[in-house]
Amino acid sequence: GSGQRSIASFFGAG
Amino acid sequence: MFEARLAQGALLKKVVEAIKDLIEDANFDCNSSGFSLQAMDSSHVSLVALSLRADGFEHYRCDRNVSMGMKLASLSKILKCANGDDAITMKSEDNGDTITFMFESPEQERLSEFDLKLMDIDSEHLGIPDNEYDATVKLPAAEFQRIVKDLSTIGDTVEISVTKDAVKFGTTGDIGNANIMCRQNKAADKPDESTEIDINEAVSLTFALRYLNSFAKATPLSTHAVLKLSKELPILVEYHIPEVGRLAFYLAPKIED
């Protein structure tokens with residue numbers, strides 16, 4: 001199946 | 001203090017209408033360069049980034065950086081009390097606990113003021129990398145809105161595939177499947193209807209339609225939506241607000257486990 005990742009897992013805390 | 005006057009108050013109304021269903025509350029950050037917001041939706045799958053440049057306002061003053069927490073539903077209620085042709089001025093004292101919205105009719109015969117209580121909001125600020133994207137598609141905003149709406153009647157996710165000459169949107173659901181293809185079309189006589197594709201590499205990614213439908217609420221802000229895609233990265237859906245700034249949405253892709 002396809003999983004939904006969180007946006008934070010792509011963009012680190014800045 | 002912070003004070004900013006937007007002659008086209010309707011822009012602010014449209015911005016808030018575009019994001020109020022996606023994010024519940026957010027900090028609006030003001031500094032000398034402009035008025036901005038960054039917030040994730042409650043399930044942390046998408047990110048909204050708004051920036052309105054100081055020079056896009058008729059008058060802009062921000063003596064020190066301020067972050068003003070607002071509940072979007074409350075802000076929306078207040079902005080609905082402004083007419084579409086009103087100028088809107090926002091005002092807040094340093095360390096104040098309210099922001100004042102002043103609405104002025106074009107002939108200035110009607111002047112109203114609404115104060116909104118500010119709130120403390122803990123929000124995580126994400127660092128958005130300045131990516132080179134594999135593919136950029138600029139298509140009429142209304143067309144993008146229609147595509148994601150139509151495909152939502154069939155399925156929950158959309159596969160967006162971009163090649164040199166066309167962008168394809170496909171979905172599958174219980175009742176069947178659907179594909180919509182838009183070809184590149186740089187109609188010089190009708191610039192508002194153009195579809196432009198700029199590609200470094202063909203790319204194909206899958207996204208939840210629910211969020212794209214929500215992003216499309218920004219359609220009244222701009223003639224075009226700009227989609228930027230890179231392999232296995234969030235899609236960027238941008239609406240340029242002429243002379244003032246932009247409203248951008250990022251959505252994490254669905255990735256095979």
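So you know, we letter chains A, B, ... as the sequences are listed, proteins then strands, and number each from 1.
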- Heavy-atom neighbours of B/E24 CD exceed 12 at 6.0 Å: no
- B/I128 side, atom CD1; A/F10 side, atom CZ - distance, nearest 0.5 Å: 13.5 Å
- Query: Which atom pair, heavy atoms only, marks the closest approach of B/G127 to A/F11?
  - Reply: O-CB, 3.4 Å
- Is the CG atom of B/D120 crowded by more than 12 outside heavy atoms at less than 6.0 Å? no
- Message: Ignoring hydrogens, what is the shortest heavy-atom contact between B/V45 and A/I7? Give both atom names and the distance.
- Response: O-CB, 3.4 Å
- Minimum heavy-atom distance B/A208-A/Q4, with the two atoms named: CB-OE1, 4.0 Å
- At a heavy-atom separation under 4.5 Å, does B/Q38 approach chain A through its side chain, its backbone, both, or neither? neither
- Whether over 12 other heavy atoms sit under 6.0 Å from B/N179 CG: yes
- Note on the structure: Rounded to the nearest 0.5 Å, the CD1 atom of B/I255 sits from the OG atom of A/S9 at a distance of 7.5 Å
- Query: Out of B/S46, B/A252, B/S43, B/P253, which one racks up the most heavy-atom pairs below 4.5 Å with chain A?
  - Reply: B/A252
